Amino acid sequence: CQWVPELEKSDDGEQPLGVTTFTDDGEVYVDIVATLVVADAIEILAHELAHVAVGDAEGHGKAWEEAFDNIHAEFDRIGDEMFSKAYEPIPVVSGKAYVRENEKQ
């Protein structure tokens, strides 16, 4: 998986945000546009990883949808676990409470 500055337009003229490539020798490459905001990048990465999970021939069928939902749910779970405490308010009693001992003089 790699971040790329931009991706080539598809045959229908659309500008893709992510692409999964399955090579003849069995390698799989996932390219994600690097200019996405984090929330969008997570969804696009989940989308492309679902392609990796189900294989090249599946497209966006039922197996792909299930893989995408599971991957995206796991990203959400990890994000909630990592960042839920980051938004808890910090109790402030006074500005002096946060001055280090050696700076009080």
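This one's a predicted model, so the numbers in the text were calculated from it and none came from an experiment.
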Please give me the minimum heavy-atom distance between [X] and [Y], naming the atom from each residue.
X	Y	value
Val54	Ala67	CG1-CB, 3.9 Å
Val33	Trp3	O-CE3, 4.0 Å
His60	Glu65	O-OE2, 3.7 Å
Phe22	Val52	CZ-CA, 4.1 Å

More than 12 heavy atoms of other groups within 6.0 Å of [X] [atom1]:
X	atom1	value
Asp24	CG	no
Glu74	CD	yes
Asp12	CG	yes
Glu8	CD	no

Taking it one step at a time, do Phe68 and Glu43 satisfy side chain to side chain contact (heavy atoms under 4.5 Å, CB included)? CA-CA 9 Å; Phe68 172 79; Glu43 186 167 344; 4.1 Å; yes
With hydrophobic residues grouped by side-chain heavy-atom distances under 4.5 Å, do [X] and [Y] end up in a single group?
X	Y	value
Trp64	Val28	no
Val19	Tyr29	no
Leu7	Val37	no

To the nearest 0.5 Å, what is the distance between [atom1] ([X]) and [atom2] ([Y])?
X	Y	atom1	atom2	value
Ile71	Ile42	CD1	CD1	13.0 Å
Leu45	Asp40	CG	CG	12.5 Å
Asp56	Thr21	CG	OG1	9.0 Å
Asn70	Leu49	CG	CG	12.5 Å
Asp80	Phe75	CG	CZ	13.5 Å
Glu48	Leu17	CD	CG	9.0 Å

So His51 and His47, side chain to side chain contact (heavy atoms under 4.5 Å, CB included) or not? Walk me through it. CA-CA 7 Å; His51 285 296; His47 177 112; 3.2 Å; yes
Can a salt bridge be assigned to the pair Glu81 and Arg77 using a cut-off of 4.0 Å between side-chain N and carboxylate O?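 Arg77 and Glu81: salt-bridged.
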Steps toward side chain to side chain contact (heavy atoms under 4.5 Å, CB included) verdict (Leu36, Ile44): CA-CA 9 Å; Leu36 296 173; Ile44 298 301; 3.9 Å; yes
